[in-house]
Protein chains: 2
Amino acid sequence: MKTTTLSALAESNRLQIVELLRNGPLTVGEITERLRLRQPQVSKHLRILSDAGIVEVHAFANRRIYQLRRQAFQELDAWLDSFRRIWEEKLDRLDDYLQELQSKEGCREDQQ
Amino acid sequence: MKTTTLSALAESNRLQIVELLRNGPLTVGEITERLRLRQPQVSKHLRILSDAGIVEVHAFANRRIYQLRRQAFQELDAWLDSFRRIWEEKLDRLDDYLQELQSKEGCREDQQ
DNA sequence: GTTGAACATTCCTTAAAAGGAATATAAAAT
DNA sequence: ATTTTATATTCCTTTTAAGGAATGTTCAAC
């Protein structure tokens, strides 16, 4: 997983933009209006989301239409998948670890 | 989705800690050793991960054993799910949006 | 009870990110 | 051609987060 993707999402205004775009593509002006932000900030946030590959732009006259990029979410999903398997395999590995730890302690005592 | 979760993950050292813990619980010392960081920084990062609900601690003598919290990943998963549906429903909503936009332009001309 | 190991916390400095205001650009409307 | 609309960018200030060094705390071992 790339930290650029995560840190792009880790800012509340940007997260709101992403959740807005869940309902379909929007222009900068529409986002500005709905989130009650200033246009330059929205443009800046969109730049960061765009650089992170989370959104993509399409120019239409003097409008810019932003929409979510599927791939970004697929990547996140794939990453999460590597964690899902952990709990599928075993619910609680703490007991195992404690035993392992305790047996190591035992060894140390023997050696001293 | 909470931005605390995302920003906790959005830092490379912390992301590495999380990926380390994928293989099972570890003590602070083990994390410190494997990531070649300084102990205080590791403790600080673990604090942030813990506050975000991504890891949980178990005290064992003077050791602290950290492990991933399933719920955090389930929440991320649930959030991602709301996006999966978008693309299941419709692959490309840009064309729709463009038509919508163009019909609005038409209206505006009529009104003026 | 004194020493050492494991970990957490504090304080300070430095670096990165965010917001604001102003300005730049490019297409559209007049 | 000039003005207006939509958007991007720049520069500056403020806030937030990270790293380093030192110190605090707790338990264990002796």
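Chain letters run A, B, ... following the sequence lines, proteins first and then strands; every chain starts at 1. Values in this document were obtained by computation on a predicted structure and should not be read as measured data.
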Phosphate-side-chain proximity, A:Tyr66 and D:dA6, N/O vs OP1/OP2 below 4.0 Å: no
A:Glu33 CD to D:dA6 P, straight-line distance once rounded to whole Å: 10 Å
Any A:His45 side-chain nitrogen or oxygen under 4.0 Å from OP1 or OP2 of C:dA17: no
Whole-Å gap separating P (C:dC7) and CD (B:Glu30): 8 Å
Interatomic distance where CD1 belongs to A:Ile48 and P belongs to D:dT9 [whole Å]: 12 Å
Atom-pair distance (CG on A:Leu35; P on D:dT7), nearest Å: 14 Å
For DNA chain D, the residues among residues 1-21 of chain B that have a non-hydrogen atom under 4.0 Å from it: B:Glu11, B:Asn13, B:Arg14
N/O donor-acceptor pair, side chain A:Gln39 with base D:dA8, under 3.5 angstrom: yes
B:Ser43 and B:Gln39 side chains, donor-acceptor separation under 3.5 Å: yes
Under-4.0 Å salt bridge between A:Asp77 and A:Arg70: no
Residue B:Arg64, side-chain heavy atoms: nucleotide from D:dG20, C:dA8, C:dA28 that is nearest: C:dA8
Polar contact flag, side-chain donor to acceptor under 3.5 angstrom, A:Gln74-A:Trp79: no
B:Arg38 side-chain N/O to D:dG20 phosphate OP1/OP2 under 4.0 Å: yes
Nucleotide nearest A:Lys44 (side chain, heavy atoms from C-beta), chosen from C:dA6, C:dA8, D:dC11: D:dC11
Side chain proximity check, A:Leu49 to A:Ile17, heavy atoms < 4.5 angstrom: yes
Length of the CZ-C1' vector between A:Phe60 and D:dA8, whole Å: 20 Å
A:Arg22-B:Ser82 side chain donor-acceptor pair, cut-off 3.5 Å: yes
Selected nucleotide, minimal atom distance to A:Pro40 side chain, candidates C:dT10, C:dA22, C:dA28: C:dA22
Residue-phosphate contact under 4.0 Å: A:Arg47 side-chain N/O, D:dT9 OP1/OP2: yes
Phosphate-side-chain proximity, A:Arg63 and D:dT5, N/O vs OP1/OP2 below 4.0 Å: no
No-H, no-angle donor-acceptor pair, B:Asn62 side chain to D:dT26 base, under 3.5 Å: no
Any donor-acceptor N/O pair, B:Arg69 side chain to B:Gly53 backbone, under 3.5 Å: yes
Length of the line joining A:Asp51:CG and D:dT9:C1', which is rounded to integer Å: 13 Å
Member of A:Leu21, A:Leu68, A:Asn23 meeting the side chain to side chain contact (heavy atoms under 4.5 Å, CB included) criterion with B:Ile86: A:Leu68
Separation of atom CG in A:Leu49 from atom P in C:dA17, rounded to whole Å: 14 Å
Pairwise distance CG(B:Leu76) to CG(B:Leu6) - rounded to 0.5 angstrom: 6.0 Å
Minimum-distance nucleotide (side-chain atoms of B:Gln41 versus D:dA8, D:dG20, C:dT9): D:dG20
